[in-house]
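Residue numbers start from 1 in every chain, and the chains themselves are labelled A, B, ... in the order their sequence lines are given, proteins ahead of strands. Only this structure's heavy atoms are used, side chains among them; waters, hydrogens and symmetry mates stay out.
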Amino acid sequence: MTTASPPAVVHVTAEQGGTTAGEVLRAAGVKDSAVARIGGELRDLAHVVAEGDAVEAVPYASEDGRNVLRHSAAHVLAQAVQDLFPGTRLGIGPPVKDGFYYDFLPERPFTPEDMAAVEKRMSDIVRQRQRFSRRVVEEDAAREELADEPFKLELIGLKGGSSDEDGSSVEVGGAELTIYDNLTGDELVWKDLCRGPHLPTTRDIPAFKLMRTAAAYWRGDQKNPMLQRIYGTAWESKDALKAHLTMLEEAEKRDHRRLGSELDLFSFPDEIGSGLAVFHPKGGVIRMAMEEYSRRRHVEEGYDFVATPHITKGQLFETSGHLQWYAEGMYPPMQLDAEGDKPGQDYYLKPMNCPMHNLVFRSRGRSYRELPLRLFEFGTVYRYEKSGVVHGLTRARGFTQDDAHIYCTREQMKDELASLLSFVLGLLRDYGLTDFYLELSTKDPVKYVGDDETWEEATRTLEEVAQESGLELVPDPGGAAFYGPKISVQARDAIGRTWQMSTIQLDFNLPERFELEYQAADGSRQRPVMIHRALFGSIERFFAVLLEHYAGAFPAWLAPVQVVGIPVHSDYDGYLLDIGKRLQAEGIRVEVDTSDDRMQKKIRSAQKSKVPFTLIAGEEDISKGAVSFRYRDGTQENGVPVDEAVAKVVQAVRDRT
RNA sequence: GCCGGAUUAGCUCAGUGGUAGAGCAACGCACUUGUAAUGCGUAGGUCGUCGGUUCAACCCCGACAUCCGGCUCCA
């Protein structure tokens with residue numbers, strides 16, 4: 001959805017000096033330009049140009065073009081809100097992915113009815129073709145003009161210190177302080193402190209829609225007051241808006257929480273607690289299939305399997321540093337064995353497996369001959385996620401990591417990382433994800449342990465490996481764990497959303513804290529490097545990603561029920577039950593629908609449960625020793641001999657298609 | 001944790017200050033011959049929990065729990 005042809009660049013002639021960017025582009029026949037780029041800066045089309053300026057068109061459908069039209073839509077939103085609710089104070093209103101928002105401090109929270117009214121008022125403003133007019137102001141004058149807007153005054157004080165992070169740069173991020181006036185004819189109807197640029201008029205906003213109200217802290221800081229945020233979406237055309245809304249509907253239909261209950265896969269009983277899932281038989285069997293394949297691949301890749309407890313004395317996490325850094329993310333301790341004045345022991349649910357694996361490593365002397373030593377387990381961990389962040393299976397409080405820790409020498413580290421990365425990508429591909437990019441998370445300047453030199457070496461090694469993979473690499477400054485930098489694999493799903501999947505973390509610090517050692521060939525004692533890695537992240541989360549990726553229609557090898565047999569009439573139940581037995585003997589998960597329903601209803605039920613294969617049999621098939629083989633997409637092959645049908649199913653499952 | 005919204009049958013949802021309804025699912029009976037819903041019937045809810053207001057609360061108020069949308073957070 002980006003520009004089809006490269007954007008036009010027009011050089012301003014002598015005669016054109018002193019006219020506007022818009023006029024120059026129009027003279028050159030360019031129609032599709034939201035704003036103009038001159039000297040690398042985005043400018044209003046009303047910007048006065050000089051001879052020799054290179055004026056580049058910025059199409060509506062480009063990233064910059066969309067940002068501008070969305071930001072203009074945010075101004076329209078703010079004007080509409082202040083028209084309808086005059087006492088409302090303004091926060092900020094930047095463009096965001098797929099849309100825009102504006103933060104307000106209203107006299108009372110907005111209601112859904114308010115939203116309808118605001119949206120209608122916005123349409124009026126758009127229809128009025130109000131001009132966005134830029135005006136440079138002195139700081140003192142601005143303070144006077146915006147005396148009623150406390151948040152804007154704060155931003156003026158911030159000028160120069162604004163950042164993209166909290167969105168404040170859209171207001172005061174430029175070299176000059178500017179106000180945008182909305183003019184109907186020459187009449188000033190509204191104004192806002194704003195860096196710009198903007199579309200020429202409100203009428204140039206092609207398509208918008210308000211999405212939801214929410215709340216947000218002023219400038220993103222928990223200590224600041226809570227503002228009411230209104231989210232909207234805006235696009236370069238009505239069709240693009242419609243496509244976006246359709247995508248959202250599709251995403252909602254695929255929501256794993258919804259599919260989880262529709263397909264009877266899992267639930268979150270209140271009685272157990274927030275963020276703690278139970279898997280039902282159909283979800284359980286998918287999970288089992290996922291685990292079985294993963295285990296097999298880990299065996300093939302030379303991993304050793306370990307198992308460790310769910311709880312431990314607190315000392316272990318003192319040693320690892322987790323209690324120092326992440327105590328609030330852990331379930332509070334159980335105190336055991338206290339007697340009178342004698343303090344007892346604090347036991348914690350483990351939020352991570354690594355300290356336990358370190359103890360396995362340390363359980364006896366290790367030789368360099370054993371390295372790389374790769375310890376794997378499906379380790380269930382518990383993290384006390386804050387109440388507002390729990391979200392289905394993707395952000396749970398109890399989950400099972402496909403966790404492994406690799407202990408190796410510094411010399412082995414790079415090769416190990418490279419082969420690990422290809423193992424990761426191969427495994428993800430086997431599960432049906434194919435579109436990836438990598439993210440390199442580097443040191444948080446505050447939350448970290450260890451010396452800078454070690455961090456640098458670790459970061460450099462990860463970066464080299466990432467680059468050699470040939471995948472796109474995106475930096476994530478400050479995103480590392482406290483003990484070391486990481487690469488994470490981001491996967492795009494069937495509808496283009498990205499999910500953080502696997503993480504590979506390099507760690508020079510925990511081996512230090514746990515005093516891990518191996519004996520080298522020369523007899524000296526050396527410290528191993530540790531690599532933390534999870535390929536699924538957590539089984540629950542990966543389950544959710546696959547569920548959404550496939551929209552519930554799992555490939556045959558993962559499908560909870562792989563085949564449903566449907567007799568045309570109950571007289572043929574026996575024939576299909578026999579076929580069912582043959583399939584079952586081949587390890588296929590098969591059900592024969594012998595209910596009282598009619599055949600049409602049974603086909604509908606099978607279809608709704610997203611079973612990959614349906615075998616239908618009636619008189620015609622039986623006389624030939626065959627079945628009708630129906631695929632999930634509704635296509636079908638009639639008169640398939642039973643042997644062949646069984647073989648087809650077995651092969652589809654074995655090939656993981 | 002913060003702001004806002006929500007919580008009625010297994011699911012999706014109606015509904016009223018005078019102790020509740022539909023569709024689907026479930027169960028029963030009858031029906032059943034070729035590719036997305038056969039018909040009839042039955043059963044199912046202390047209306048999230050606990051307090052309060054009231055002659056009377058599913059409905060109004062409060063607390064708590066859980067969920068949803070955001071914010072903040074995510075070892």
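- OP1 or OP2 of C67(B) has not a single side-chain nitrogen or oxygen of Arg257(A) nearer than 4.0 Å.
- Atom-to-atom, CG of Leu276(A) to P of A65(B) comes out at 15 Å; the value is rounded to the nearest Å.
- For the pair Lys386(A) NZ and A75(B) P, the interatomic distance rounds to 13 Å; values are reported in whole Å.
- Distance CD (Gln600(A)) to C1' (C31(B)): 13 Å, rounded to an integer number of Å.
- Of all heavy-atom pairs between Ala645(A) and Val640(A), the closest is N-CG1, 3.8 Å.
- Glu548(A) pairs with exactly one of Arg497(A), Arg257(A), Arg258(A), Lys253(A) by the side-chain hydrogen bond (donor to acceptor under 3.5 Å, both in side chains) rule, that one being Arg497(A).
- Only the P atoms considered, G45(B) is 26 Å distant from G52(B), to the nearest whole Å.
- When the P atom of C3(B) is taken as reference, atom CZ of Arg212(A) falls 20 Å away, rounded to whole Å.
- Contact between the side-chain N/O atoms of His391(A) and the OP1/OP2 oxygens of C74(B) is not found at any separation under 4.0 Å.
- On the C1' atoms, A20(B) is 23 Å away from C61(B), given to the nearest whole Å.
- At a threshold of 4.0 angstrom between heavy atoms, the contacts of Glu620(A) include nucleobase atoms, whether or not backbone atoms are also involved.
- Residue Arg70(A) comes nearest to Asp98(A) through the heavy atom pair NH1-N, 3.5 Å, listed as atom of the first residue, atom of the second, then distance.
- Of the side-chain N and O atoms in Tyr382(A), none sit less than 4.0 angstrom from OP1 or OP2 of A75(B).
- Across all strands shown, nothing is found opposite A57(B) as a Watson-Crick or G-U wobble partner with both distances under 3.5 Å.
- Side-chain nitrogen and oxygen atoms of Ser605(A) include none within less than 4.0 Å of the OP1 or OP2 phosphate oxygen of A37(B).
- For Lys648(A) and Phe613(A), the positive end is not near the middle of the six-membered ring at less than 6.0 Å and at most 45° from its axis.
- Close to G1(B), at under 4.0 Å from its OP1 or OP2, lies a side-chain N or O of Ser387(A).
- The nearest whole Å value for the distance from the CG atom in Leu105(A) to the P atom in C3(B) is 14 Å.
- In terms of heavy-atom proximity, Val424(A) sits nearest to Ser502(A) at CG1-OG, 3.1 Å.
- Annotation for Pro150(A) and Arg89(A): closest pair CD-CD, 3.5 Å, computed over non-hydrogen atoms.
- Applying the 4.0 Å criterion to OP1 and OP2 of C74(B), one finds that Lys486(A) has every side-chain N and O outside that range.
- With a cut-off of 3.5 Å on both pairing distances, the Watson-Crick or G-U wobble partner of A65(B) is U7(B).
- Spacing between G44(B) and U38(B) at atom P, rounded to whole Å, works out to 26 Å.
- Nucleic acid contact class of His532(A) (heavy atoms, under 4.0 Å, all strands): none.
- Using cut-offs of 30° and 60° for the angle between ring planes, the Tyr483(A) and His532(A) rings count as parallel.
- Pair assignment for G44(B) gives none, since no Watson-Crick or G-U wobble pairing has each distance under 3.5 Å.
- Remark: the separation of the C1' atoms in C31(B) and U66(B) is 44 Å, to the nearest Å.
- At a cut-off of 3.5 angstrom, the base of C31(B) holds at least one donor-acceptor pair with the side chain of Arg598(A).
- With hydrogens and angles ignored, a donor-acceptor pair closer than 3.5 Å exists between the side chain of Arg395(A) and the base of C73(B).
- For G39(B), the paired nucleotide is C29(B), the pair qualifying as Watson-Crick or G-U wobble because both relevant distances are below 3.5 Å.
- Rounded to an integer number of Å, the gap from Leu227(A) CG to C3(B) P is 13 Å.
- Heavy atoms only, all atoms of each residue included: Gly93(A) and Ala74(A) are closest at O-CB, 3.4 Å.
- Nucleotides U16(B) and G48(B), compared at atom P, are 16 Å apart to the nearest Å.
- Looking at Tyr217(A), its side chain comes within 3.5 Å of the base of G1(B) through a donor and an acceptor atom.
- Across all strands, Gly275(A) comes closer than 4.0 Å only to sugar-phosphate atoms, never to a base (heavy-atom distances).
- No salt bridge links Lys486(A) with Asp476(A); every basic N to acidic carboxylate O contact stays at or beyond 4.0 Å.
- Of the residues in residues 621-636 of chain A, Asp621(A), Ser628(A), Arg630(A), Gln636(A) come within less than 4.0 Å of RNA chain B through at least one heavy atom, sorted by number.
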